[in-house]
Amino acid sequence: VLSIRGVQDEDPPDPQIMRLDNMLLAEGVSGPEKGGGSAAAAAAAAAAGGSPGSDGSIEHSDYRAKLAQIRQIYHSELEKYEQACSEFTNHVMNLLREQSRTRPISPKEIERMVAIIHRKFSSIQMQLKQSTCEAVMILRSRFLDARRKRRNFNKQATEVLNEYFYSHLSNPYPSEEAKEELAKKCAITVSQVSNWFGNKRIRYKKNIGKFQEEANLYAVKTAVDAASVSAQASQANSPATPNSGTVFPYLKPQRAINNML
DNA sequence: AAATATGATTAGTA
DNA sequence: TACTAATCATATTT
């Protein structure tokens with residue numbers, strides 16, 4: 001019955017279990033009861049990177065439900081293990097007590113037994129924690145990874161961004177303030193603005209031809225506004241090449257040279 | 001359904 | 001640290 005002989009505990013690393021605990025806590029799995037699940041909500045909001053505007057809470061409800069499910073399973077399993085552990089300990093103690101009638105059993109031996117049992121069960125617990133962590137990670141990547149929830153910006157947001165881009169084509173690097181203003185105008189975050197410009201720059205550069213039409217369109221758009229200022233524009237500029245000359249107009253010189261190679 | 005567009009993420013750089 | 005380039009994963013177009 002007591003086949004607990006081969007207990008070669010493969011190292012139960014403390015840092016490992018600490019890591020798992022921390023993560024479970026951070027995800028709101030092992031935290032306080034469902035008092036709004038503020039921890040989980042915060043984690044969700046943080047992971048979502050903050051996408052204001054249209055969507056926001058509908059998809060999170062799904063996530064939260066699943067997280068609550070995981071949480072419940074985790075807790076019930078944990079409780080089950082704890083109960084089983086104490087039950088088993090009791091059982092072993094009883095057996096030892098019985099045996100003590102026929103042979104002397106030192107308290108040290110009992111202590112050792114209990115320690116072994118506890119170690120065994122805590123390693124099982126760790127497995128539970130690990131698999132729970134895994135489940136949470138999968139859930140997160142499934143629901144919260146922003147890439148999976150990509151939404152195009154609305155028409156007027158891209159309008160605003162493009163307008164800025166093409167009217168600053170020679171140096172499409174908005175300052176921090178400019179970014180903030182654009183973000184406000186487009187109802188997106190500053191980092192989204194940065195992303196957009198990063199993508200736009202590289203993609204424009206990569207295939208300028210593809211963007212000619214767009215460039216013309218916005219050039220005309222802004223030209224209307226600028227018309228009042230530049231009243232002496234009477235030279236015959238060829239409409240096919242609104243941005244004649246430089247291939248990488250906005251690159252800083254040294255970088256442009258590097259990129260030629 | 002395949003091709004293309006697009007926002008976000010990542011590694012690497014100066 | 002802000003940027004580029006490559007890449008991912010989804011959205012949209014064809």
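Here is how names work: the chains are called A, B, and so on, in the same order as the sequence lines, proteins then strands, and each is numbered from 1.
In this structure, A:Glu177 places its CD atom 15 Å from C1' of C:dA2, rounding to the nearest Å. As a whole-Å value, the separation of A:Glu180 CD from C:dA2 C1' is 15 Å. Rounded to an integer number of Å, the gap from CG of A:Asn207 to C1' of C:dA5 is 16 Å. Distance CD1 (A:Ile202) to P (B:dG12): 17 Å, rounded to an integer number of Å. As a whole-Å value, the separation of A:Trp196 CH2 from B:dA8 P is 12 Å. When the C1' atom of C:dT4 is taken as reference, atom OH of A:Tyr204 falls 17 Å away, rounded to whole Å. B:dT9 atom P lies 12 Å from atom CZ of A:Arg150, rounded to whole Å. Atom-to-atom, CZ of A:Phe211 to C1' of B:dA5 comes out at 9 Å; the value is rounded to the nearest Å.
Taking only side-chain nitrogens and oxygens, A:Asn199 never comes nearer than 4.0 Å to OP1 or OP2 of B:dG7. Residue A:Arg151 places at least one side-chain N or O closer than 4.0 Å to OP1 or OP2 of C:dA11. In this structure, A:Tyr173 reaches the C:dT4 phosphate: one of its side-chain N or O atoms is under 4.0 Å from OP1 or OP2. Dashed line: the shortest gap from a side-chain N or O of A:Gln192 to OP1 or OP2 of B:dG7 is not under 4.0 Å. The phosphate of C:dA6 (OP1 or OP2) has a side-chain N or O of A:Lys206 nearer than 4.0 angstrom. Considering only side-chain N and O atoms, A:Lys179 lies under 4.0 angstrom from the phosphate OP1 or OP2 of C:dC3. A close approach under 4.0 Å does occur between a side-chain nitrogen or oxygen of A:Lys210 and OP1 or OP2 of B:dA5.
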Residues 176-188 of chain A side chain polar contacts: donor-acceptor under 3.5 Å, at least two apart:
unit_1: A:Lys179; atom_1: NZ; unit_2: A:Ser194; atom_2: OG; d: 3.2

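If you check every strand for non-hydrogen atoms under 4.0 Å, A:Asn152 touches sugar and phosphate atoms only.
Counting distance only, with no hydrogens placed and no angle test, the side-chain atoms of A:Arg203 and the base atoms of B:dT4 include no donor-acceptor pair under 3.5 Å.
Between A:Phe88 and A:His91, the two ring planes are tilted [angle within 30° to 60°].
Centroid-to-centroid, the aromatic rings of A:Phe211 and A:Tyr166 stay 6.0 Å apart or farther.
No chain of hydrophobic side-chain contacts below 4.5 Å, direct or via other Ile, Leu, Val, Met, Phe, Trp or Tyr residues, connects A:Ile70 to A:Ile73.
The neighbour count for A:Gln156 CD, taken as heavy atoms of other residues, nucleotides or ligands under 6.0 Å away, does not exceed 12.
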